[in-house]
Amino acid sequence: MTEPRVDRFSGLVGREDELALLDRALQDARKSVGGTVCVTGEPGIGKTRLAGEAITLAREAGMTVLKGRCIATGPAVPYRSLTEALLSLARAGGAPPTDALGPYLPVLGRLVPEWAIGDACDRSPIVLAEAVLRLAAACGRQRGCLLVIDDLHDADVETLAVLEYLAANLALLPVAVVATLRDTPGAAHALADTLAQRGEAGLVRLGRLGAAQVHALTASCLGCPPDGLPVAVSDRVLADSSGIPFTAVELIRGLRAEGRLVHTEDRWQLVGTSRAAIPFTLVRAVEQRAERLGPQTLQLLSAAAVLGRSFPLSVARRCAAPDDHEPAGSLRSAVVDGLLVPDDEHGPDWYAFEHPLTQEALLDRLTPADRAELAARAVTAMNELDPSLPGTWCLLAARLAGQAGDRRTAAVRYLEVARRALAGHGPGTAIAVLHEARSALGPVDGSDIRPPDDAVPAGVRRELLETLLLALADDGRLDRATEVAQQLRRADVEADPGRRVELHVRLAWAAQVAGQWDVGLEQVRAARELLPEGAGARDTAGIDVVEAYLMVSTAEQGRIGRSEQLARRAIEGAEQRGDHALACQAWYAMGFATRGRSLAESDQCFRRTLRMAAESRQVSWHNHGLIGLGSNAWLAEADLDGLHHAHQEAMRTGCVSLAHNVGAMLALDAVLRADFDRATALLDGSRAETERLQLHSVTRYALMVGAVAAAHRARRPQLRAALARFRASGGNESREAPLVLGLAELFCALLEEDHEQAAELAARLAAAVPPDEENYFHLAGSHGLVLLLSVLAGRADWVEVDRITASQAGRMRWNRQFVGLARAVLYGREGRPAEAVAACRAAQTDAVIFPTARHLGLRLVADAAVTDGWGEVRDWLTEAETYFHHSGADAIAVACRSRLRSLGAPVGQRRTGTDRIPAELVALGVTMREYDVFCLLVERVGNKAVAARLQISPRTVEKHIASLIGKTNSATRARLCDFVADFLAAR
């Protein structure tokens, strides 16, 4: 690895090793080995300067540089530093790489307005983090990208969440992240330590400079070579600065300005060395610099220090000189002297202290009374300049009112900031603001709704608590939100019942999203208890629509009908309220509830969702409507046009979770069509991402599809692994559980010719999802495959077949193929071969796009067709044997060959087996028939069971097992089974 050039370090005294480490991180990023480095240290130690040198190195190497700085007022503006970083790219004319960003481009519109596409994009902080990750990676495709986040200790919680996400996912990307932060306790410091412990970030702790380094720094500031500077000068600087670079520079400036450090006879020397006469501390040094600029400038700087490191100049001026007597020269003098710098990122009215220690030093010289007076003046000035208190002004006004002792105003302002954060989809920021309010005002968590002798009205404290509840629910902190809700109920307050109902509704929806349906229904019940007697649809609309969604996940009888009833009432109430978003949500719920009864009626509901969403610009619900229509078309006739269109629109508008949802549905379609390569590509491209984005329901659906894919290829070891992942994700309690049972486990048992296990699974599925009730699990099997098995076993007759044939689920294309075969079997039993053949041909027409299901179905009905004398059984079995042989479904292929032999049909030998037997086993001399036995031993079944499945004698199975024991060097049958399990699991 090439070391950085030594001359690059000449201006950065004492940090050569640290900069070399950052340079290596930049080199690694250019090789697509990304990483994060956190630079920590006390104030003034040189963190920002070191990051600045890294930026210079990156630009010289042609890397894209994105830089943002956090500020103390940051919690009011989520992602402030990231916005600054991305705006620098936009200002430079850098067009976003739309090809690489896909649906994430509109998400970034939350940070860069010109990239926005309406308000439709996903609002999750994790989705935004993925969007930033993709943008940085795209920007670094050619020469790498450096993202610098300065002053991370002032970051909002959302920015910290993004940084944590980036650090965890940079390993294979051309992106380096450098974050600077103080080493004082706090959320940022805790995150840096955590990332370092995980191995996801490097930690660079900057220490103080030693004597030699301070000597070199002093010489550099004075513009002379180190050997031309008396050691006495640098010793004084070291003694009074304690080796802190910023303090050292300020002291050197102060010494020169006061005439105590003079240049005579080509040498620098100190004049007057008594510490008692000149107490060289940083506070005094900064104060003296300010005093030299005049009393007006000192007053301006004092007022600015109270406002914060970054401040609006107009407020500082009014605060410093209420009578407008502060001359413009005061600002100019402070800028020229290097105390203040323009803060262009905030706007032309904003300035900032060049270093945070300057602000802290100025604050130290003020008494508490001085600070309170200046804070009160600042609050008055802000209200006079702009009563709406836009942007960061509102949080600043809250803090200043608290410093001035006006607790009531502070509480009102904190409440406004939190509400704005929630409206801007920043629940984490709202929580942080409310925690700050607690520190400033006392408890707002329900432990004491109104402390004694408190100037803050109980109503305001209650609203702070209610807002905290909303923020916790939006942020997914359901347990904490539930605690706060219970505290609110216990508190002796006179809350508006309507507002409390809305809080319970919000909690119920959060529980629904989190998959905690019982908790959600408890919240629904609590909300209904607060309703007045005789409450109408207008009052219950919010509760009704949430319960409509929750009901479908319960085990209650008639849950689908109850869901539809609730959705209808919610529609009525939403229309009375004029709440378009609630109406869209209710119509969408109605579309789901009616799907099992009538796809045409369901389509009408989804079209109504589309129309209302378009009229009210509810783009997210517009996408939901498209997905609903596309899903219905796919269920009806396996038509993919609607789903493809819905997927494109979700991508275009930045609705990332919806795009992944549709992608998973397309993957299931690919599996059912036996297009396993396409299914794998769709799943591999999204599964890891949905896990990172914490899209739990989509991830679980994708895991279900993965299990179905393994089952349809009769790969039992892969199916076991897929089922374990599905269950670990909570799959057994999910809506996808019946699909796994029917489309995966039952299907695989049939492909393995394990009809005993198949009968058990079919019975479990029928009990879990009875076909006589409308439900959401239309393709699980109760309306198709299970019906066919029941007819073949003699447990179902024409009554059941006709009933399911007439049902909406029975008319869905995937189910029609099995229903048609069931009809064919019944026609054959009645001695009506022509009708049986016609029904079978219709079923095959429906099944033509589902080859695995088509051949399985014909294999299942072959024996009945032979017995009753109808159908072209030999052709079916010959075609099925070829298909299953090439697809690797050995057990059913063997069964087809055996049945063909019993029918007297010529069956070609497939004993070479080199196209199917793994090379490792071919090398051991394993034959085709031995391989058939080998594959079944993973089940650890007895010889009789193996013989029955392969339709050979137990004696023959015993011979094959003995041969396999010898060829695999397995001492016993049990060890052979272990060998088989390990071998197949590794493939």
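In this text, all values refer to a predicted model and were calculated from it rather than measured experimentally.
Not a single donor-acceptor pair under 3.5 Å links the side chain of Thr878 to the backbone N or O of Asp875. Looking only at distances, no side-chain donor or acceptor of Gln197 sits under 3.5 Å from a matching main-chain atom of Thr194. Remark: the backbone N or O of Ile961 is not paired with any side-chain donor or acceptor of Arg973 at under 3.5 angstrom. Formation of a donor-acceptor pair under 3.5 Å by the His712 side chain with backbone atoms of Cys748 is not found in this model. When atom types are taken as modelled, the side chain of Asn661 and the backbone of Ser657 share no donor-acceptor pair closer than 3.5 angstrom. Put simply, the side chain of Ser970 never gets that close to the backbone of Gly966: no donor and acceptor are under 3.5 Å apart. Side-chain N or O atoms of Asn815 include one that pairs as donor or acceptor with a backbone N or O of Ala809 at under 3.5 Å.
Ion pair Glu745/Arg727 flagged as a salt bridge, since at least one NZ, NE, NH1 or NH2 atom sits closer than 4.0 Å to an Asp/Glu carboxylate oxygen. With respect to the salt-bridge test (charged N to carboxylate O, under 4.0 angstrom), the residues Arg940 and Asp978 qualify. The pair Arg813-Asp639 does not meet the salt-bridge criterion, since no charged nitrogen lies less than 4.0 angstrom from a carboxylate oxygen. Of the charged side-chain nitrogens involved, at least one lies within less than 4.0 Å of a carboxylate oxygen, so that Arg816 and Glu637 count as a salt-bridged pair. Salt-bridge check for Glu753 with Arg859: passed, with a basic side-chain N closer than 4.0 Å to an acidic carboxylate O. By the 4.0 Å N-to-carboxylate-O rule, Glu930 lies close enough to Lys967 to be salt-bridged with it. In summary, Arg854 and Glu879 engage in a salt bridge, as defined by a charged side-chain N under 4.0 Å from a carboxylate O. Under the 4.0 Å criterion applied to side-chain N and carboxylate O atoms, Glu164 and Arg198 are assigned as salt-bridge partners.
Note: Phe884 and His855 have perpendicular aromatic rings, judged against thresholds of 30 and 60 degrees for the angle between ring planes. Aromatic ring orientation, Phe934 versus Tyr931: parallel (interplanar angle below 30°, classes split at 30° and 60°).
Two residues are said to be in side-chain contact when any heavy atoms from C-beta on lie closer than 4.5 Å; Glu752 and Ile892 fail this criterion. For the pair Leu101 and Met651, the minimum side-chain heavy-atom distance is 4.5 Å or more. Between Leu787 and Glu800, some side-chain heavy-atom pair lies under the 4.5 Å cut-off. When side chains are defined from C-beta on, Arg811 does not count as touching Thr805, because their heavy atoms never get closer than 4.5 Å. Side-chain contact between Leu703 and Thr699 is present, with heavy atoms from C-beta onward closer than 4.5 Å. Considering only heavy atoms from C-beta on, Val894 comes within 4.5 Å of Arg897 through its side chain. Contact check for Phe979 versus Leu964: no side-chain heavy atoms found under the 4.5 Å cut-off. Side-chain contact check for Leu723 versus Leu719: some heavy-atom pair is nearer than 4.5 Å.
Within a 6.0 Å sphere centred on CZ of Arg841, heavy atoms belonging to other residues, nucleotides or ligands number 12 at most.
Inspection of the Trp634 and Asp669 side chains reveals an N or O donor paired with an N or O acceptor under 3.5 Å. A donor atom on one side chain and an acceptor atom on the other are not found under 3.5 Å apart for Tyr701 and Thr690. Of the N and O atoms on the side chains of Arg700 and Ser697, not one donor lies less than 3.5 Å from an acceptor on the other residue.
Between atom CD of residue Glu958 and atom OG1 of residue Thr956 there is a gap of 10.0 Å, rounded to the nearest 0.5 Å. Rounding to the nearest 0.5 Å places CG of Leu640 at 14.5 Å from NE2 of His645. Ser902 contributes atom OG, which lies 8.5 Å from atom CG of Leu877 (distance to the nearest 0.5 angstrom). Taken to the nearest 0.5 Å, the CG atom of Leu785 stands 9.0 Å off from the CD atom of Gln817.
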Do Phe747 and Leu856 pass the side-chain contact (heavy atoms from CB on, under 4.5 Å) test, and can you show the C-alpha distance, the side-chain angles, and the key distance before you say yes or no?
CA-CA 9 Å; Phe747 223 86; Leu856 173 62; 3.7 Å; yes
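Judged by a 6.0 Å distance limit and a 45° cone about the ring axis, Arg713 is positioned over the six-membered ring of Phe676.
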